[in-house]
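The structure appears below as structure tokens.
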Amino acid sequence: MSLKVLLLFVVFCLIFSTQLLAEEIVHVVRKGESLAKIAKQYGVTEKELMEWNNLRSTKILVGQKLVIRKKKERSTGDTSREIVHIVKKGETLAKIAEKYGVTTKDLIEWNRLKTQTLSPGQKLVIRPKRAQETLNETERNRTGGKERDSSGRAKREREIIYKVKAGETLSDIAKLFGVSEEDIISTNNLKSRELKAGQRLLIRIPSQTKAENKTDVTKQAPKTFDSVWEEFNNIQREEERIRRGSPTRQDYLRLISEYRRIYLLYPASEVAPLALFKTAELYREIYLKSLKKSDLLESAKRFELFLKNYPNHEKAENSYLRLLQIYRELKDEEKLKNLEREWGPRFSRIRDLMKSEVPREDRRQDRSGNRTQSEKAILADLKKVVKIEPITGTDYTRIIIDVTGNFEYKANVLPGGKETPPRIYVDIYPAILDEKVQKTIDLQNFHLERVRVGQFDRQTVRVVLDLKSLRDFKVFRIREPSQLVIDIHGKEKKQVTKEARSEWTPRAVAQQRERTKREETGKGERARAEKGEGYINLARQFGLGVRRIVIDPGHGGEDPGAVGPNGLREKDVVLKISKLVGRKLENRLGVEVIYTRTTDVFVPLVKRPALANSKKADLFVSIHLNASPDPNARGIETYYLNFTTDPEAMRVAAMENRVNDRGLADLQDLVKAILANTKLNESRLLAEKVQRELVRTLSSRYPDIIDRGVKYAPFLVLVGTRMPAILVEASFISNPTCAERLTREEYLELIAEGIARGIESYVQTLKLSGDHLGGRPFS
């Protein structure tokens, strides 16, 4: 018996001594928490948690209770102990100073900081006196923010059961009782911020005297109010600074993080809804650049949260409008119906305005002639059609429409009758027409009579093309810059010259017909024809040869292209090379050479092939210089138009198109335009000839020249060309050796000679085709 008493006494002493040195906290496991996360939260190890709770594995369940033992500080009089704080993402020096109750000056002095900029993972030393105050503050936070009286017991809180009224939000109730939204959520274990009428909430109000409460309001509230607004304004100023440059995705995400931090830290402040709205708008802007569906969904998620939390806020209408537009763009009919059912009655003016289609200008205004606030909100959000530029020829026209942001479109054709000409009309939405845009553009050419443009309804711009003839048309959209391109092919009135008649001899035509008939018979002939085997275009069929060549010096004006390590600009070098090539072709072949630019001016990418089409060019050659992140990259490569899975080809295309890889992949309309091209085989043959002669010519003087071969990729500058078209990457300006050579006239002369010889070699194949058919070759 005495032995048992002794054992019980020993156990009691052990427990008592442990409790003297440690304080036990009971933690209830929440959804998503892991043992490692809980250990990190309380500053202990996983091993200690397993020991204290007799756990056999690190697996824990939701609702499980864990004992946390926090060792107390022994009063040894040692004041040399310090706390090391590891900087987290988004933390600032001011925020860390506020957390530990110190000043930024203290932190700079203790850590010998030269700047206030911090990096995630950086370690900061917090000195003992302040650290102890912080530990006390931490203890108060862990006990629910309860202050303790002189005996160490927590002051009691007043508890109220509150019944939610219709239309009340979590923010309204928090303001009513002077508590935070997070306290209400935590106390009632709410899974969302949405409340229902009649729902009962437990509100815990700290026991304060009226005098204390009044003091807090008069002294502390204004200070907090001003500091929050100051912080919000600082982020806005940072946003303005970033926008003046070229903001990246990371810049946007950093701004979103800063705004979100304000919303989470001060949910009951007047700044919170503005900060939340900003995060939604910024995600929407990211989507307009990235075109990633996930970014648009993030934006919608935050607009939805705004409507639920702040339905009476002045920006609630805008949030509803944004959600309507997002769900329409996503073509999510179910969410669109739910949104209109839930919020449509509240924002009936916006709903009716979005649905209305009033074509006349006078009906877009109220009786006083002024637009309503809802109309102004919508008009402010719509994109603008700012420019319409037609590039036209006798049987071809490209119309380039510039829009200020992302848009949708629908194209339709009206065949016309005996008395009415055919028409094409394209609706661009959501958009409004800029007042500076000319409403009617008269062309009076062989196939297109005029272009008319107007505001069809409040969010649709309609472009109408009055045609005299129509053989084919295609429409495609470009994201960067935001443009709509319409290519129209009409029926040209053929005027056959005597010379052409002599070339199109009955013998030649008969031979071609017989040849076509033989090729169409037998299995597999059609497949080979599609691949280009045995394919002969009209120039080859009748020996017409090449009479007009368009040379396209890349970049220009505000677009310098790639820049070499020696400061050499691509736009200047390729212009020199292009003029040298043009002179050689004129002298040797007697052809007409047309340049897309002869000076340092900017010509949009989609305008360059249109110039070639409108001039009825026989060949299109775009001359560029390559660049790579690897300074050792070198060599020559020639491209023709097609799709590719080659990462290097995609990189070059993205660089020349001035879009990101994602933007290049998302150009679905461009896909159709490329597949409609019928000169791929001839373009490939031209590229092979130019690549071979360019490498051969340069290698005669520079043995280290690398032949990178003929490749294909989706280059915007080649889209829609009606003739064989190639893009030459004549050298790597990013390579120091090549950049130095590109400053020498003799090197540029050799590049031009190689390109000219390649074109000449291709023209020779057309002559041979003409001889084979019995027609007179071009000379």
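Model, not experiment: these values are computed from the prediction.
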Ion pair E435/K384, N-O distance below 4.0 Å: no
Sub-4.5 Å side-chain heavy-atom contact between R254 and I242: yes
Note: E298-R302 ion pair, threshold 4.0 Å (strictly below): yes
R261 and E258 ion-paired at < 4.0 Å: yes
Side-chain donor or acceptor of D251 paired with backbone N/O of T248 under 3.5 Å: yes
Interatomic spacing from CD in Q459 to CD1 in I428 - rounded to 0.5 Å: 13.5 Å
Parallel, tilted or perpendicular, as decided by the 30° and 60° cut-offs, for the rings of H313 and Y310: perpendicular
Flag side-chain contact, heavy atom, 4.5 Å: R328 against Q325: no
L113 side chain reached by Q122 side chain, heavy atoms, under 4.5 Å: yes
Interatomic distance, N406 atom CG to S482 atom OG [nearest 0.5 angstrom]: 6.0 Å
Residue pair Y263 / N309, side-chain donor-acceptor N/O under 3.5 Å: yes
Rounded distance (nearest 0.5 Å) linking atom NZ of K59 with atom CD of Q64: 11.0 Å
Heavy-atom side-chain proximity of I126 to D106 below 4.5 angstrom: no
Evaluation steps, ring pair (Phe, Tyr, Trp, His ring centres under 6.0 Å), between F303 and Y320: CA-CA 8 Å; F303 281 129; Y320 175 69; over 10 Å; no
Gap between atom OG1 of T58 and atom CD1 of I38 - 0.5 Å precision: 11.0 Å
Separation between OG1 of T460 and CG of L433, rounded to the nearest 0.5 Å: 12.0 Å
4.5 Å side-chain heavy-atom contact, L255 and E238: yes
Flag, side chain of S319 to backbone of F306, donor-acceptor distance under 3.5 Å: no
Test side-chain hydrogen bond (donor to acceptor under 3.5 Å, both in side chains) applied to Y259 and Q236, step by step: CA-CA 9 Å; Y259 281 124; Q236 282 191 310; 4.7 Å; no
Check: L49 and V67 side chains under 4.5 Å, non-hydrogen atoms: no
Flag side-chain contact, heavy atom, 4.5 Å: K335 against L339: no
H27 and E33: side chain donor to acceptor below 3.5 Å: yes
Main-chain N/O of I184 paired with T187 side-chain donor or acceptor, under 3.5 Å: no
Closest non-hydrogen atom pair between S299 and I326, with its separation: OG-CD1, 3.8 Å
Modelled atom types, side-chain donor and acceptor of D183 and S180, under 3.5 Å: yes
NZ or CZ of K315 within 45° of F277 ring axis and under 6.0 Å: yes
N-O pairing of K383 and D434 below 4.0 Å: no
Spacing of CG belonging to L297 relative to CG belonging to L330, to within rounding of 0.5 Å: 5.5 Å
Atom CZ of R30 with >12 non-hydrogen neighbours under 6.0 angstrom: no
Donor + acceptor pair across side chains of Y252, E239 (<3.5 Å): no
Main-chain N/O of Q483 paired to D402 side chain as donor or acceptor, under 3.5 Å: no
Beyond-backbone contact of L190 with L170, side-chain heavy atoms, under 4.5 angstrom: yes
